[in-house]
Amino acid sequence: MTAVDETTTAPAAEIGSPRKRKEDQRLITGRTRYTDNITLPGMLHLGMVRSPLAHATITGIHTDDAKASPGVVAVYTGADLAAAHGSLPNAWPVTPDQKAPEHHAVAVDRVAFAGEIVAVVVARSPREARDATELVEVDYDDLEPVLDLEAAAAGPPYAHPDLGTNESATWIFDSAEAGTGSDVEAAIDQARGDGVVIERTYRQQRLIPAFMEPRSTVVDPTSEQITMWSATQVPHILRLMLALTCNISESKLRVIAPDVGGGFGGKLQVTPEEVTTLLVANRLGKPVKYTETRSESLVAGHHGRDQVQRLTLSATKEGIVTGLKVDLLANMGAYLGLVTSGVPVLGAFMYNSIYKFPAYRFTCHNIFTNLTWTDAYRGAGRPEATFAIERLMDDLAAELQMDPIELRRKNWIRHEEFPFTTVAGLEYDSGNYEAATDKALELFGYDELRSEQQRRRESNDPVQLGIGTSTFTEMCGLAPSRVLGSLAYGAGGWENAQVRMLPSGKVEVVTGASAHGQGHETAWSQIVADRLGVAFEDVEVLHGDTQVSVKGLDTYGSRSLSVGGIAVVKAADKVIEKARHVAAHLMEASEDDLEFSGGRFSVKGTDKGMAIGEIALAVFAAHNLPDGMEPTLDSDATYDPVNFSFPHGTHLAAMEVDTETGAVKLRKYVCVDDVGIVVNPLIVEGQVHGGLVQGIAQALFEEAVYDDQGTLVTGSFVDYLVPSAADVPDFITDRTETPSTTNPLGVKGVGEAGTIASTPAIVNGVLDAIRHLGVQDLTMPCTPSRVWQALQSREQGEPASVQPTNPEQTSGNLNSSGVISPEQGPRTEGGAS
Amino acid sequence: MIPAAFDYHAPTSVEEALRLLAESGDDVKVLAGGQSLLPVLKLRLAAPEVVVDLGRIDALRGVREDGEALVIGAMTPHHEVASDPLVQQHALLLREATRTVADPQVRHRGTFGGALAHADPAGDLLAPCLALDAEFVIAGQGGTRTVAAADFFQDYFTTAIDDGEILTEVRVPKHTGWRAHYEKFSRVAQQWSIVAIAVTLRSEGGTISEARVALTNMGTVPIRATAAEQALAGVAATPEAVAQAVAGIAEGTEPPSDLNGDADYRRHLATVLARRAVLAAAG
Amino acid sequence: MTRITMTVDGVSYTDDVENRTLLVQYLREQLGKTGTVVGCDTTNCGACTVHLDGRSVKSCTVLAVQADGHEVRTVEGLATDGELAPIQQAFHDCHALQCGFCTPGMMMQSLDLLAENPDPTDEEIREGLEGNMCRCTGYQNIVKAVRQAAGTGAQS
Ligand SMILES: Cc1cc2nc3c(=O)[nH]c(=O)nc-3n(C[C@H](O)[C@H](O)[C@H](O)COP(=O)(O)OP(=O)(O)OC[C@H]3O[C@@H](n4cnc5c(N)ncnc54)[C@H](O)[C@@H]3O)c2cc1C
Ligand code: FES
Ligand code: FES
């Protein structure tokens with residue numbers, strides 16, 4: 001026990017400080033532990049034989065040559081493995097009658113997309129596994145592939161003939177039925193008479209998450225517990241799902257997500273590859289590794305987006321919105337992955353966005369095709385919704401010849417109107433769209449750019465300027481468990497944390513939110529350092545291993561901080577309460593007379609005090625504790641959020657369009673985001689930058705394209721264009737801070753903000769540059785050739801919009817990748833590493 | 001990601017390389033910088049039994065002068081070509097084009113000769129060589145022959161190099177003091193040319209006296225725009241005059257249609273880019 | 001199998017390798033230099049960038065046998081005696097990494113570009129990194145880090 005030193009001041013607040021990240025040290029020195037870095041004695045390697053066809057019956061598989069190939073230990077087909085596992089999991093049956101095909105890890109008698117695994121080679125080295133995959137011969141009978149989303153909705157033919165339909169489910173939300181608003185048809189009818197009706201069909205192209213670390217799994221069955229290391233975002237969910245799918249006791253399975261090289265939703269999955277690696281390792285009793293190649297990753301890792309959005313917006317002539325009707329076709333691809341079916345549903349609550357729509361109806365048709373299955377990709381459902389509404393608002397502004405910002409001002413929820421219950425039934429707790437927008441306009445130099453735009457129009461400049469606006473909100477912090485329950489999601493939305501006081505005064509924080517680049521180790525340390533009054537350096541954050549972090553629901557939906565971070569706060573608070581009890585006992589004071597600040601308990605009005613570290617040591621020794629007290633300060637907490645959080649922001653993009661070539665250039669980008677209280681501005685800014693580039697890439701560069709056989713044409717980074725540093729500019733980012741009122745930190749969530757907001761800002765900007773030339777719509781990505789063609793059609797008096805490039809026109813995807821036979825499509829029938 | 005197994009030889013002279021090629025039967029590949037060949041092997045789009053690596057033949061590397069010609073060794077890496085003072089002086093167009101190839105890492109390994117032997121129609125060095133009337137020196141068991149650029153590029157990924165032969169060097173007639181510009185159009189920086197225009201010219205007092213123009217990725221082989229060259233001679237370097245001179249540059253071409261644009265779009269692009277390239281070169 | 005000798009991060013190694021072994025596979029699998037990673041199979045992503053005789057190369061597109069007799073430097077050879085190299089410090093200071101997967105290649109390429117051009121503009125930095133993909137950071141902080149490293153003479 002030490003006397004209080006009067007000069008001691010509380011350490012500077014950690015929350016809000018731009019702490020450099022703890023996790024950097026190992027990453028910048030190459031001392032990393034990505035799954036593929038792991039090698040175990042006697043480890044065997046898998047090579048996958050994949051279907052080159054999108055839809056076919058398997059009539060025979062010949063494995064003798066492969067089995068005889070040097071180093072090969074075994075070759076398995078779907079028939080060999082089928083009995084050992086059930087259908088791969090879909091955790092979100094959005095309707096009670098949702099239809100789903102049986103999904104084997106290795107196809108048994110039919111393949112439903114090009115890239116599906118048909119056989120697995122097990123060999124002593126990756127090279128031998130790869131060599132032997134070439135020797136497996138598969139006989140197929142072609143079936144007609146279902147490739148076009150709109151045609152599939154009408155069906156037949158069917159992607160899964162047994163289902164007798166391509167429709168997996170239809171999900172509807174209607175504000176009149178739900179009692180959250182009025183009837184949308186009435187609103188539209190009314191507007192047809194005396195207002196404005198904007199009807200549009202937008203295409204959300206298919207995207208590929210393209211995390212930089214290809215997926216990899218190592219399974220070691222040589223112990224009482226089977227250990228799996230996997231490049232996953234969801235070790236806890238994976239463990240549970242694998243246990244259920246493969247009929248292994250959950251307690252016999254340990255899943256570790258070591259260093260994970262990005263996910264963006266793409267590693268939120270229970271993959272056929274993970275199941276296969278587990279089954280093979282279990283069967284052979286040897287450690288087994290499978291690491292995909294990038295080609296395999298692009299063709300067989302789940303894709304994202306891929307929706308047709310049919311939209312009707314009604315408004316008065318003064319620009320007050322009166323109704324919104326959304327009719328979606330969502331491409332599931334060939335199977336339902338973990339949350340495939342729920343992704344479009346997640347968007348349902350966001351189409352009305354920050355605007356006060358009195359009437360709303362959302363219908364979504366989930367449709368099967370013979371393409372790679374889709375699932376979560378950064379934003380999952382919400383970028384689609386934001387894109388639609390922000391494009392519609394710009395289109396409405398154009399129709400009414402109104403400034404797009406003015407139009408938004410007329411319709412958005414004013415800051416004094418919070419909390420606000422929306423037409424989709426969500427209660428937005430806080431926000432200040434006016435403040436964020438004003439700040440963005442100022443940083444952007446809006447008026448000047450508008451005058452420049454005018455000058456360029458008047459002088460008929462070949463380079464036209466456009467300004468794109470996007471004022472977005474999103475729901476993040478998935479999610480209150482009761483809400484998930486009402487949506488029929490298969491799990492809850494809580495998160496768990498544990499705070500352990502070590503005798504040395506150091507603190508271990510265990511979080512169920514598993515990180516893959518977001519900086520939890522740093523942010524959680526900051527939160528705990530503040531809460532417990534210990535040094536930032538003295539906090540160690542553990543995660544990503546189901547044996548260390550025994551309980552958790554992992555990382556997705558920008559939930560880590562607003563759910564996982566709160567669990568940490570709650571656990572730390574419990575530690576303080578226990579410590580208070582001990583402190584009172586040791587200092588012979590009443591608990592009520594104790595003050596806790598800066599890591600010390602002090603007795604009011606005296607100079608007596610004890611640091612929490614001292615108490616931890618005393619509890620460890622346990623020589624002198626209050627009667628009946630367990631000798632531990634360690635505490636855990638499971639936090640179930642009471643509401644989502646609703647970050648928002650205003651994004652403005654200045655786009656230059658070269659009307660001679662169709663080339664589009666992003667000249668200036670300003671965003672002002674409101675993510676509530678910020679724990680670490682450095683990390684927040686980094687999340688925004690990265691999100692922006694992904695959203696911009698959807699607008700301008702990326703698209704997964706298939707040919708008329710269902711072969712992925714953009715099967716490598718030669719054709720799937722992920723932008724480099726040379727393709728994007730610096731961004732001007734700023735923030736407003738309106739605390740969330742539904743959690744004790746006031747935080748909201750930032751992981752998806754940039755991605756959600758930027759896509760419509762860019763496309764709106766491109767259109768704004770050329771709308772006066774008669775172009776009404778552009779299909780994403782806005783490639784130079786599409787922009788140019790849109791300008792041409794206008795000149796020829798055709799409707800000025802362009803359809804996606806006809807896949808039949810595409811040449812081999814490897815043209816100019818340095819590949820000799822460019823006629824050859826992407827290679828999908830093998831590849832061990 | 002794992003090539004099929006092959007035998008590997010790393011000769012130190014052209015003679016030894018030719019002998020190895022002759023002895024190795026049909027299924028042999030020459031390896032230069034490997035920046036095109038190795039990706040092909042990794043994807044198993046090719047699986048040669050033997051690979052003969054030219055990387056240890058010092059004689060094939062470097063840039064030198066030989067009278068009126070600049071001689072570039074086949075194994076000279078792109079980054080050396082791009083930074084070589086002789087190239088800058090006598091064949092500025094090559095420098096301009098080489099700088100746009102791929103990315104710095106690839107330019108450190110990829111070679112001048114490899115890119116030309118590979119003859120990808122979207123490759124950036126083909127049109128400049130054609131515009132500069134380069135000559136290709138090809139060594140075989142029977143000796144050495146020299147092929148004009150116009151005859152060297154024969155088809156999609158096909159050149160005058162026969163089986164068992166090696167491209168040893170490229171002789172580029174000096175265009176000392178000529179201005180140059182390579183106008184490359186692509187969607188992202190690392191991408192190959194959707195269309196590109198190679199221009200080198202001499203001008204006096206704002207008037208173009210002589211110009212060489214060639215087109216990248218407007219057909220299965222690079223295309224020399226002779227009509228445009230003639231039309232440009234004696235023309236003032238103004239947007240209007242140049243636009244008129246190059247207006248027909250895409251006529252009769254049959255460029256590819258792919259994800260990046262159809263043939264019509266490419267023909268249109270060629271016309272716009274040609275004007276820009278000439279104006280940029282004329283300064 | 002071919003016997004090769006190579007200096008990697010200052011240590012000389014002699015090994016038998018299959019001819020088809022890529023340099024990156026040799027580094028990772030035979031030398032345990034897993035700091036260098038693989039992100040693609042078409043030479044696009046740059047994650048595997050190392051220095052070969054002082055110049056940046058994509059180690060997925062060099063055969064180990066081609067590097068016989070040469071000198072290789074990887075991310076693991078940057079820090080000396082536990083002291084971060086300026087480029088590493090700059091990446092840390094500027095929050096130029098998130099998941100860190102692209103980081104080894106990014107730093108190796110940044111060093112190369114600084115060696116070529118010790119005082120680059122932002123645009124030159126961006127162009128110099130055109131062969132390296134990052135899916136997390138949006139590049140802005142990477143550019144900032146390279147700028148900071150330029151100020152500290154990181155190219156040496
Ligand atoms: C990511 C990436 C982007 C690229 N972008 C571009 C680009 O924008 N523009 C561009 O022009 N190129 C681009 N390239 C290709 C690059 O320029 C290659 O370096 C070049 O095409 C091949 O050169 P190389 O020395 O690597 O040849 P290698 O790959 O070794 O060989 C290529 C082919 O030529 C043959 N060959 C090589 N040398 C000889 C010789 N001396 N005699 C006979 N045959 C020979 C080989 O057998 C092989 O078939 C890119 C490559 C990559 C990986
Ligand atoms: S691993 Fe992608 S370039 Fe080498
Ligand atoms: S930090 Fe994740 S890819 Fe760059």
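Naming convention: chains lettered A, B, ... in sequence-line order (proteins, then strands); numbering from 1 in each chain. Predicted, not measured: the structure shown is a model, and the values here were computed from it.
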Verdict with supporting geometry, C:Thr61 and B:Arg109, side chain to side chain contact (heavy atoms under 4.5 Å, CB included): CA-CA 9 Å; C:Thr61 313; B:Arg109 293 292 295 173; over 6 Å; no
Approximate separation, where rounding is to 0.5 Å, of C:Ser56 OG and B:Arg107 CZ: 9.5 Å
Part of B:Val188 within contact of chain C (heavy atom distance under 4.5 Å): neither
Segment of B:Leu41 engaging chain C (4.5 angstrom heavy-atom cut-off): neither
For chain B, the option from C:Leu22, C:Val24, C:Asn44, C:Thr2 that forms the most heavy-atom pairs under 4.5 Å: C:Asn44
Over 12 non-hydrogen atoms of neighbours within 6.0 angstrom of CD in C:Glu123: no
Exceeds 12 heavy-atom contacts within 6.0 angstrom, atom CG of B:Asp26: no
B:Phe6 side, atom CZ; C:Glu18 side, atom CD - distance, nearest 0.5 Å: 9.0 Å
B:Ala5 portion near chain C, given a 4.5 angstrom heavy-atom threshold: both
CG on B:Asp103 to NZ on C:Lys58, rounded to 0.5 Å: 3.5 Å
Derivation of the side chain to side chain contact (heavy atoms under 4.5 Å, CB included) call for C:Val65 and B:Asp53: CA-CA 10 Å; C:Val65 289; B:Asp53 180 1; 6.0 Å; no
Whether over 12 other heavy atoms sit under 6.0 Å from B:Glu49 CD: no
Closest approach of B:Pro104 to C:Gly128 (non-hydrogen atoms, all atoms of both residues): CG-O, 3.5 Å
Point-to-point distance, once rounded to the nearest 0.5 Å, from CZ of B:Arg56 to CG of C:Asp68: 5.0 Å
Minimum-distance pair of heavy atoms, taken over all atoms of B:Gln105 and C:Gly46: NE2-CA, 4.4 Å
Distance, nearest 0.5 Å, that separates CZ of C:Arg20 from NZ of B:Lys42: 14.5 Å
NZ/NE/NH1/NH2 to OD/OE distance under 4.0 Å, C:Glu130 and B:Arg99: no
Side chain, backbone, both or neither of C:Cys60 within contact of chain B (heavy atoms, under 4.5 Å): both
Interface residue of largest heavy-atom contact number with chain B, from C:Asn19, C:Val57, C:Val62, C:Thr43, under 4.5 Å: C:Asn19
Heavy-atom proximity to chain B below 4.5 Å, by part of C:Leu52: side chain
